[in-house]
Amino acid sequence: MPFLRPRDAVLHYACRPGDPARRAIVLANSLGTDLRIWDGVIARLPADIPVLTHDKRGHGLSDVTPVDMATHIRDCADLMDHLGLRDALICGVSVGGLIAQGLAATRPDLVAGLVLSNTAQRIGDADGWNARIARVQAEGLEGMADEIMERWFSPGFRAAHPADWAGYRNMLLRTPAPGYIATCAAIRDTDFTATTRALRLPVTCIAGSADQATPPALVQGMAELIEGATLHCLTDVGHLPCIEVPATLADLLLDLYGRLP
Ligand SMILES: O=C(O)CC1=CCC(=O)O1
């Protein structure tokens, strides 16, 4: 359970060392989750591939501070620099996908390829994020938890895995409200249309047909923006394929990993 304070905040991360000669895979989280959402994916990746996960600021065991998207991106870069990881495959889900796009644009030395899961170059609009921030300020995450869970998971996952569904609801509720709100504001203020359109590297985009947060049409718009990107739409899967279908996500990661120059 390592921690690092590269600048003004303690960051919690986990690094499965693997073979340092192999390219690393770096996994970046969504809003209101911690690094445990990747456990099922990591278990399916070959043991010699180094894998880095972290709790972004305001989440998990990392410090809660004001934050913008540039800071989330720099934190990920700081962890990679600390561990000597370069030229990695970065996979980000939702706001983690924004972090991945921003990392590729600002630190191309760290990024060989991207898997952009259930994300876009811009997620939502200012009115929506301001309304969510106001709700969480007034009611706490408890007041919004059930509707957020509806966006996260497909009906089939909820029916088949009620204990998991309840456990991930607990994960959401344990996110500090100030940390959650700070990342909502960071998402609200981010539009990577210009820099994502300029990316020139191998990219796999993933959507879920039951994703109510970043619906397939939104992910398709991002895929069409990036030259050469491929798009996979997973049937009856919600916003978090890393939880609902970890084997499929691991296969898609390894497919791109195996094709990187
Ligand atoms: O909570 C949601 O609506 C889903 C989501 C949006 C951005 C993110 O990271 O998660």
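Remember, it's a predicted structure, so these values are computed and weren't measured experimentally. Throughout, numbering of the chain's residues begins at 1 and tracks the sequence. Counting starts at 1 for both ligands and their atoms, in listed order.
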Undergrad: To the nearest 0.1 Å, how far is atom 10 (O) of ligand 1 from its closest protein heavy atom, and which atom is that?
TA: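 The protein heavy atom lying closest is Ser94 OG, 3.0 Å.
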Undergrad: Using distance alone, determine whether Trp129 and ligand 1 share an N or O pair under 3.5 Å.
TA: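 No, since none of the N or O atoms of Trp129 sits under 3.5 Å from an N or O of ligand 1.
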Undergrad: Under the side-chain contact (heavy atoms from CB on, under 4.5 Å) test against Val237, which residue among Leu249, Val245, Ile206 passes?
TA: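 It is Val245; the other options fail the test.
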Undergrad: State the CZ-OG1 distance between Arg122 and Thr196, to the nearest 0.5 angstrom.
TA: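 It comes to 12.5 Å.
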Undergrad: Is it the side chain, the backbone, both or neither of Ser30 that has a heavy atom closer than 4.0 Å to ligand 1?
TA: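 Both of them.
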Undergrad: Residue-level breakdown please: for Ile148 versus ligand 1, do any non-hydrogen atoms fall below 4.0 Å on the side chain, on the backbone, on both, or on neither?
TA: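 The answer is the side chain.
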Undergrad: Let me know which of Leu98, Ile99, Leu103 forms a side-chain contact (heavy atoms from CB on, under 4.5 Å) with Gln101.
TA: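 Of Leu98, Ile99, Leu103, side-chain contact (heavy atoms from CB on, under 4.5 Å) with Gln101 is met by Leu98 alone.
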Undergrad: Should you measure from each heavy atom of Trp152, which atoms of ligand 1 turn up under 4.0 Å away?
TA: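 Per the distance check, 1 (O), 2 (C), 4 (C).
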Undergrad: Do His59 and Thr33 get their side chains close enough for a donor-acceptor pair, meaning under 3.5 Å?
TA: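 No donor-acceptor contact under 3.5 Å links the two side chains.
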Undergrad: Does a donor on one side chain and an acceptor on the other come within less than 3.5 Å for Thr214 and His239?
TA: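 Thr214 vs His239: donor-acceptor pair found between side chains.
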Undergrad: Between Asp75 and Arg57, is a salt bridge (Lys or Arg N to Asp or Glu O under 4.0 Å) present by the stated rule, with each step listed?
TA: CA-CA 8 Å; Asp75 285 344; Arg57 287 180 195 229; 2.6 Å; yes
Undergrad: From Asp146 CG over to Arg151 CZ, what is the distance, rounded to the nearest 0.5 angstrom?
TA: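 Going from the CG atom of Asp146 to the CZ atom of Arg151 covers 11.5 Å.
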Undergrad: Closer than 4.0 Å to some heavy atom of Arg151 - which atoms of ligand 1 meet that?
TA: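 Listed by number with element, the hits are 2 (C), 3 (O).
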Undergrad: Compute the shortest N/O to N/O distance between Leu31 and ligand 1 and return yes if it is under 3.5 Å, no if not.
TA: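 In this structure, Leu31 places an N or O atom under 3.5 Å from an N or O of ligand 1.
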Undergrad: Quick check on contacts: which atoms of ligand 1 are under 4.0 angstrom from a heavy atom of Ala213?
TA: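 Near Ala213, the atoms of ligand 1 are 3 (O), 4 (C).
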Undergrad: Which of these, Glu147, His239, Glu150, Arg132, has its nearest heavy atom closest to atom 3 (O) of ligand 1?
TA: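 Nearest heavy atom to atom 3 (O) of ligand 1 lies in Arg132.
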Undergrad: Any nitrogen or oxygen of Val95, main chain or side chain, under 3.5 Å from a nitrogen or oxygen of ligand 1?
TA: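 Yes; at least one N/O pair falls below 3.5 Å.
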